[in-house]
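One structure below.
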Amino acid sequence: MAEIPYKIYLEETEMPTAWYNMRADMKVKPAPLLNPGTGKPMTAEELGGVFCEELVKQELDNDNRWVEIPQEIRDFYRMYRPSPLVRAYCLEKKLDTPAKIYYKFEGNNTSGSHKLNSAIAQAYYAKKQGLKGVTTETGAGQWGTALSMACAYLELDCKVYMVKVSYEQKPFRREVMRTYGAEVTPSPSMTTQVGRKILEEFPGTTGSLGCAISEAVEAATSQPGYRYVLGSVLNQVLLHQSVIGLETKAALDKYGVHPDIIIGCAGGGSNLGGLIAPFMGEKLRGEADYRIVAVEPASCPSFTRGVFAYDFCDTGMICPLAKMYTLGSGFIPAPNHAGGLRFHGMSGILSQLYHDGFMEAVSVPQTKVFEAAEAFARVEGILPAPESAHAIRAAMDEAMKCRETGEAKTIVFGLTGTGYFDMVAYEKYHDGKMDDYIPTDEDLKKALEKLPKVAEA
Ligand SMILES: *Cc1c(COP(=O)(O)O)cnc(C)c1O
């Protein structure tokens, strides 16, 4: 077998031509979205009021294993994909571990993260439907940036509700979005009914993803020619992100490498769901086995301390109900610096898989995450996003376990993005001003008490 290069690239001809839909191989399918008014599963027609038609089809498709990637999207992917799969030789040496570590790096595009993979798909279907534009929310700003880029490319209008704390802390992110033509509003805002209501109830709030989602949905449904798009959590987003896992698997297969452990950070679950997709498919079909690990912040521990129940995806309680691991839609996490991981819920697909024992989850405190981020940057060169560094932390911990046991396990993790816009967080870490607030059981109980009551079929 040829020696494994530092970076394994794929030829353009080896790139995926179809997305892989994990749901087709799940014996227990993720629970359907429910209409919060009637408690009945959302129909395609109801969903069509909020989302583009083709995306509704993808959202509800539990059966087709492969969905062809339209040629226009494949052409766009070719501008920044395939993303490299890197053998972390330098990190292995630094950790003095027999483990073999690989990471799939999704930060090589201007938006700086994997989110562009789904942004271009969602913008494409909106354009194809003849819409004027799309609305969305953004937390740390990665999704808003990705969507702005996709909309600029396709000449679509893009309205972004940005969580206020990020809007203020990350002016550069905001300007990147405006460079790509997006209209950016800090959330909660006075521009929507739900924003005004949240501001009345919680004056001075710095916002949350849940609030911003409520505003973006209202903005989409209250003006003609607009639909709402979401950067994570939804089945369709995991479908688009499967391109990450398909490329990873193709690259590993080229060198006959079988991973033992696959690790990813989990906010709403889209990068992790995408990275693990083809591997999970094999696991579900009984063809191979892998340990799959979700890593979440200790300040927002949906998997490890949440409950598996129907809940709202947004704070304003206007979105459909999703069955997922949740901390309660009223849960507003401490201002952790991994903005992309501050969501109270989790993908329904990953929630079902976790519930059924197909994957594990761990939570890590943020100072430990930044310690890993810095160690990684110093040996591998890439300055990681705080979100991505959660996966680095867990991968390093696994590699150090191998040092103890002498096992040469193969670890693959998702390096979802770069952290250039997160230097305020790095500054806090360097100055010793970063804390590790972990919610108490009492904090969690308060938000969970307000879960909607749903009689499941
Ligand atoms: C948004 C984001 C995440 C978390 O979102 P998922 O949907 O869980 O993948 C992780 N890393 C980066 C860099 C992000 O921008």
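Just follow the structure's listing: the first ligand is 1, and inside any ligand the first atom is 1.
- Between the side chains of Gln366 and His390, not a single donor N or O lies within less than 3.5 Å of an accepting N or O.
- Contacts with ligand 1 closer than 4.0 Å are made by heavy atoms of both the backbone and the side chain of Ser270.
- Contact atoms of ligand 1 toward Glu387: 10 (C), 11 (N), 12 (C) (distance under 4.0 Å to a heavy atom of the residue).
- The distance criterion of under 3.5 Å between nitrogen or oxygen atoms is met by Gly267 with respect to ligand 1.
- Using a 3.5 Å distance cut-off with no hydrogens or angles, the side chains of Asn117 and Glu106 do pair a donor with an acceptor.
- Distance check, rounded to the nearest 0.5 Å: CH2 of Trp19 to CH2 of Trp66 gives 13.0 Å.
- Protein heavy atom closest to atom 3 (C) of ligand 1, with residue, atom name and distance, is Lys115 NZ, 3.5 Å.
- Here the two rings, on Tyr103 and Phe376, have centers that are under 6.0 Å apart.
- For Ser347, no heavy-atom contact with ligand 1 is shorter than 4.0 Å.
- Closest protein heavy atom to atom 11 (N) of ligand 1: Thr416 OG1, 2.7 Å.
- Checking only distances, His114 does come within under 3.5 Å of ligand 1, N or O to N or O.
- The number of heavy atoms from other shown groups lying within 6.0 Å of CD (Glu175) is above 12.
- Atoms of ligand 1 lying under 4.0 Å from at least one heavy atom of Ser113, given by number and element, are 13 (C), 15 (O).
- Atoms of ligand 1 found under 4.0 Å from any heavy atom of Leu341 (numbered from 1 in listed order, with element): 4 (C).
- Note: an N/O pair closer than 3.5 Å links Gly268 and ligand 1 by distance alone.
- Atoms of ligand 1 found under 4.0 Å from any heavy atom of Ser232 (numbered from 1 in listed order, with element): 6 (P), 7 (O).
- Within the 4.0 Å heavy-atom cutoff, Glu106 does not count among the residues contacting ligand 1.
- Donor-acceptor pairing under 3.5 Å is recorded for the side chains of Asp443 and Tyr437.
- Among the atoms of Gly269, some N or O lies under 3.5 angstrom from an N or O of ligand 1.
- Under the 4.0 Å criterion applied to side-chain N and carboxylate O atoms, Glu398 and Lys401 are assigned as salt-bridge partners.
- Using a 4.0 Å cut-off between charged side-chain N and carboxylate O, Glu53 and Lys57 make no salt bridge.
- In this structure, Lys368 does not pair ionically with Asp436, as no charged nitrogen and carboxylate oxygen lie closer than 4.0 Å.
- Of all protein heavy atoms, the one closest to atom 4 (C) of ligand 1 is Gly340 O, 3.5 Å.
- For His430 and Phe370, the ring centers are positioned 6.0 Å apart or more.
- Every atom of ligand 1 is numbered from 1 in the order shown, and the set under 4.0 Å from a heavy atom of Ala266 is 8 (O).
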